[in-house]
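Report on the structure given below.
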Amino acid sequence: MRDKIVAGNWKMNLTKNEGLLLIEGVVNGVVNSDVKVILAPPFPFISDAVLGLSSSKIKVAAQNCHQEESGAFTGEVSAAMLRSFGAEYCIVGHSERREYLKEDDQLINRKIQRLISHGIIPIFCCGELLEERESDRQFEIVSDQIQSALQGFNKDELKNIIIAYEPVWAIGTGKTATPQQAQEMHAFIREKLSEVLSENAEEVSILYGGSVKPENARELFAQKDIDGGLIGGASLNAPDFLAIIQSF
Ligand code: PEP
């Protein structure tokens with residue numbers, strides 16, 4: 001049985017009181033379901049989130065980490081720090097970092113290595129741009145991203161990884177992939193994962209991300225290979241985020 005997961009990515013939003021209120025709203029509203037809930041706040045909130053969520057089953061993810069172990073990298077945060085503050089997951093390869101910070105799959109591969117070595121589970125994001133889908137290259141693009149970012153790992157290292165398929169044209173745009181488009185890509189990703197993981201690919205949770213809202217979550221999550229969602233905008237509002245969790 002694969003884990004059903006709903007992860008909220010706050011991105012660079014909310015100040016202290018707003019963030020603490022959101023954590024409280026999610027903890028108080030989440031019903032004891034079999035959905036694994038993960039919150040990914042910005043770095044300054046990690047400690048408070050771990051503390052605030054400790055009475056619940058909700059877990060904390062970081063939104064990024066540095067690829068090196070430690071050292072002279074002003075402004076950066078290491079996987080070891082994240083682990084020591086209680087983060088159990090970390091998003092890597094988000095399209096916003098690929099676009100604005102020019103992160104490529106080789107760099108993402110190194111970040112994944114570092115995370116795994118500290119026992120942090122990577123939430124690896126992949127997905128095509130609009131022009132790539134319009135020229136029918138989405139499978140080739142996602143296949144290349146997976147191949148490069150996951151190269152060199154063995155079955156054991158990757159068996160807990162979480163994949164998030166996030167078509168870039170659907171992130172924060174209000175456009176969502178149709179359940180059929182998403183299911184088709186998720187099945188493709190699972191097939192691709194099976195080249196490394198063989199039958200363990202069946203156990204990997206593959207999340208869909210891109211303008212998931214309470215209104216469209218149910219139909220997306222009903223697809224065979226969609227095991228949950230990575231939620232941006234709608235995770236900043238506790239009632240919407242809770243309604244998405246309830247969509248399973
Ligand atoms: C995201 O940040 O990964 C995301 C999917 O954002 P949104 O839900 O706002 O499209």
Side-chain angles (χ1 to χ4, degrees), residues 4-14 18-19 22 25-26 35-43 45-46 49 59-65 87 89-101 103 105 108 111-112 115 121-130 132-133 138 141-142 145-146 149 161-179 181-183 185-186 189 205-221 223 225-248:
K4 296 175 194 164
I5 300 173
V6 175
N9 175 12
W10 295 9
K11 314 194 188 192
M12 195 176 72
N13 289 298
L14 309 183
E18 294 163 342
L22 178 55
V26 174
V35 180
K36 194 176 260 181
V37 179
I38 302 173
L39 286 189
F43 290 137
F45 288 99
I46 296 275
K59 303 294 185 191
V60 176
Q63 295 176 20
N64 177 43
C65 76
Y89 299 83
C90 182
I91 297 172
V92 272
H94 194 281
S95 64
E96 287 151 14
R97 296 195 65 86
R98 290 176 188 266
E99 182 182 354
Y100 306 130
L101 295 148
E103 293 195 357
D105 289 306
I108 293 162
K111 292 187 182 210
I112 293 176
L115 288 169
I121 298 177
I123 302 174
F124 167 66
C125 303
C126 55
E128 79 285 357
L129 304 170
L130 181 60
E132 291 164 343
R133 180 160 282 265
Q138 65 271 24
I141 298 296
V142 170
Q145 290 172 338
I146 292 177
I161 197 167
I162 297 169
I163 310 287
Y165 168 57
E166 301 206 304
V168 181
W169 46 273
I171 298 179
T173 58
K175 286 184 201 153
T176 320
T178 64
Q181 283 173 323
Q183 164 57 29
M185 182 59 86
H186 282 228
I189 291 172
S205 296
I206 307 177
L207 316 184
Y208 169 79
S211 300
V212 177
K213 303 273 179 283
E215 305 77 56
N216 57 27
R218 188 177 296 273
E219 211 190 335
L220 285 159
F221 296 171
Q223 305 302 310
D225 289 287
I226 301 185
D227 307 306
L230 180 56
I231 319 297
S235 73
L236 296 173
N237 166 310
D240 280 359
F241 189 56
L242 292 164
I244 291 171
I245 298 167
Q246 289 304 108
S247 303
F248 269 109

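Note that ligands are numbered from 1 as they come in the structure, with each ligand's atoms numbered from 1 the same way.
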(message) By the side chain to side chain donor-acceptor pair (under 3.5 Å) test, which pairs, at least two apart or in different chains, include something from residues 166-176?
(response) His94-Glu166, Glu128-Trp169, Thr176-Asn216
(message) Distance check, rounded to the nearest 0.5 Å: Glu96 atom CD versus Ile91 atom CD1?
(response) 9.5 Å
(request) Count the heavy atoms of every other residue, nucleotide or ligand shown that sit under 6.0 Å from CD of Glu219, and state whether that count exceeds 12. (result) no
(request) Among all protein heavy atoms, pick out the one at the shortest distance from atom 8 (O) of ligand 1; state its residue, atom name and that distance to 0.1 Å. (result) Gly232 N, 2.9 Å
(message) Under the rule for salt bridge (Lys or Arg N to Asp or Glu O under 4.0 Å), what residues qualify as partners of Asp105, not counting sequence neighbours?
(response) Arg98
(request) Report the nearest protein non-hydrogen atom to atom 2 (O) of ligand 1: residue, atom name, distance rounded to 0.1 Å. (result) Lys11 CE, 2.6 Å
(request) Measure the distance from atom 5 (C) of ligand 1 to every protein heavy atom, then report the residue, atom name and distance (to 0.1 Å) of the closest one. (result) Glu166 OE2, 3.1 Å
(request) Would you check, one step at a time, whether the test side-chain contact (heavy atoms from CB on, under 4.5 Å) holds for Asn64 with Lys111? (result) CA-CA 9 Å; Asn64 177 43; Lys111 292 187 182 210; 2.7 Å; yes
(message) I need the nearest protein heavy-atom contact for atom 9 (O) of ligand 1: residue, atom name and distance, please.
(response) Gly233 N, 2.9 Å
(request) Check ligand 1 against Leu230 and write out every atom of the ligand that is under 4.0 Å from a heavy-atom position of the residue. (result) 3 (O), 5 (C)
(request) For atom 1 (C) of ligand 1, grab the closest protein heavy atom and report residue, atom and distance to one decimal in Å. (result) His94 NE2, 3.3 Å
(request) Over 60° means perpendicular and under 30° means parallel, so classify the ring planes of Tyr165 and His186, tilted if in between. (result) perpendicular
(request) Just jot down the ligand 1 atoms closer than 4.0 angstrom to any heavy atom of Ala170, in number order. (result) 10 (O)
(message) Distance check, rounded to the nearest 0.5 Å: Tyr89 atom OH versus Ile121 atom CD1?
(response) 4.5 Å
(request) Below 4.0 angstrom from a heavy atom of Gly210, which ligand 1 atoms are there? Numbered from 1 as shown, please. (result) 5 (C), 10 (O)
(message) Can you name the atoms of ligand 1, numbered from 1 with element, that are less than 4.0 Å from a heavy atom of Gly172?
(response) 7 (P), 9 (O), 10 (O)
(message) I'd like to check which ligand 1 atoms, numbered from 1 as shown, lie under 4.0 Å from a non-hydrogen atom of Ile171.
(response) 4 (C), 6 (O), 10 (O)
